[in-house]
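A quick write-up on the structure given underneath.
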Amino acid sequence: MKKQTDRYSLHTKTIAVFVTITSVIVFMSFGLKNEVTTSSTKNENIIKDSLVSVKAFMEVYKVLMSPRCMNCHPSGDVPLQGDDGQLHISLPKRGKDGKGMYAMKCSNCHQATNLEGLNKPPGHPDWHLPPANMKMVFQGKTPNQLAKQLVNPKTNGNKTLQQLIEHADDGLVKAGWNPGEGRTVPPMSHEDFKKAWITWIKNGAYAPRSK
């Protein structure tokens, strides 16, 4: 009887040790997983704060809805012009690469720099609309729709969040603050826009709620 009791006791102790070791391994694995996830988040410098993020995007939205941005992000394939967003007077078409079709290319009128004079064509070395396969329409989009579009690689030109941050300093984006004589600039400075843009993204790139 004593041998059976000793054997049962040994068996019980063995199981207890096994369970303890298994529990420690699981706990360590869970902790390691959390550490890796936290580290990855830190590397991306993303802090989740929906209130701060949405507030910043609403400032960004004001710029994106201004003529300097929306005129080249129309809902159709003809760019807009002027502060009132009329269809471009010469009715050029987007084309496959966003640079026009046939002989009517953007670069025919939009030179490397602004032309001198009231309401003369503004310029940039790479003047274009988004391409036909990635139109990136701003016109008519609500804050909710546009925010979601901007962070989705399938609709934002295959950009990561880091590339979106860098896009704030794109030459054609910055040209919006140098539109030539007779045109209004966006409702805030480029510096303030960039600050709001980065704040929106780095706090989670949240989309405002639909109304």
Roughly how far, to the nearest 0.5 Å, is CD of Gln149 from NZ of Lys141?
3.5 Å
Check whether any side-chain heavy atom of Cys69 sits under 4.5 Å from a side-chain heavy atom of Val63, and report yes or no.
yes
Same hydrophobic cluster for Leu129 and Leu64, using side-chain heavy-atom links shorter than 4.5 Å among ILVMFWY?
no
Backbone N/O of Val54 and side chain of Trp200: donor-acceptor pair under 3.5 Å:
no
Is a side-chain donor or acceptor of Thr199 paired with a backbone partner of Lys195 at a separation under 3.5 angstrom?
yes
Side-chain heavy-atom pair Asp169, Lys194 within 4.5 angstrom cut-off
yes
Taking the side chain as C-beta and beyond, is there a heavy-atom pair between Tyr206 and Lys48 under 4.5 Å?
yes
If every non-hydrogen atom of Lys99 is compared with every non-hydrogen atom of Asp97, which pair is closest and at what distance?
N-OD1, 2.9 Å
Atom CD of Gln111 and atom NZ of Lys120: how far apart are they, to the nearest 0.5 Å?
12.5 Å
Can you find a pair of side-chain heavy atoms, one from Pro92 and one from Cys106, that are under 4.5 Å apart?
no
Decide yes or no for Phe57 and Asn203: does some side-chain heavy atom of the first lie under 4.5 Å from some side-chain heavy atom of the second?
no
Do Asn158 and Met134 have side chains that approach each other closer than 4.5 Å (heavy atoms only, starting at C-beta)?
yes
Distance check, rounded to the nearest 0.5 Å: His124 atom NE2 versus Cys72 atom SG?
11.5 Å
So SG of Cys109 and CG of Leu115: to nearest 0.5 Å the spacing works out to 8.5 Å
Given 3.5 Å as the limit, does a donor-acceptor pair link the side chain of Asn114 with the main chain of Pro122, or not?
no
Gap separating the CG atom of Leu91 from the CE atom of Met104, nearest 0.5 angstrom
7.5 Å
Tell me the closest heavy-atom pair linking Ala56 and Ala196, and the distance in Å.
CB-O, 3.4 Å
Closest approach of Gly100 to Lys105 (non-hydrogen atoms, all atoms of both residues)
O-NZ, 3.4 Å
Going by the rule salt bridge (Lys or Arg N to Asp or Glu O under 4.0 Å), which residues pair with Arg183 if we only count those two or more places apart in sequence or in a different chain?
none
Are Thr184 and Arg68 close enough that some pair of their side-chain heavy atoms sits under 4.5 Å apart?
yes
Side chain to side chain contact (heavy atoms under 4.5 Å, CB included) for Ile47 and Val52? Distances and angles first, verdict last.
CA-CA 10 Å; Ile47 303 171; Val52 171; over 6 Å; no
Can you measure from CZ (Phe193) to NZ (Lys174) and round to the nearest 0.5 angstrom?
12.0 Å
Say whether Ile165 and Val173 are linked into one hydrophobic cluster, either directly or through other cluster members, by side-chain heavy-atom distances under 4.5 angstrom.
yes
Are there over 12 heavy-atom neighbours, none belonging to Lys55, within less than 6.0 Å of that residue's NZ?
no
Tabulate below the donor-acceptor pairs under 3.5 Å that side-chain atoms of residues 73-82 make, not counting sequence neighbours, or state none.
| from | atom 1 | to | atom 2 | distance (Å) |
| --- | --- | --- | --- | --- |
| His73 | ND1 | Met136 | O | 2.8 |
| Ser75 | OG | Gln139 | OE1 | 3.0 |
| Asp77 | OD1 | Arg94 | NE | 2.8 |
| Asp77 | OD1 | Lys135 | NZ | 3.1 |
| Gln81 | OE1 | His88 | ND1 | 3.3 |
| Gln81 | OE1 | Ile89 | N | 2.9 |

Taking all heavy atoms of Gly140 and all of Gln145, pick out the closest pair and write down the distance.
O-OE1, 4.0 Å
Exercise: identify the closest heavy-atom pair between Val185 and Trp177
CG1-O, 4.0 Å
Minimum heavy-atom separation for Ala205 and Ser53, please, with both atom names.
N-OG, 3.3 Å
For the residue pair Met65 and Leu146, establish whether any side-chain heavy-atom pair is separated by less than 4.5 Å.
yes
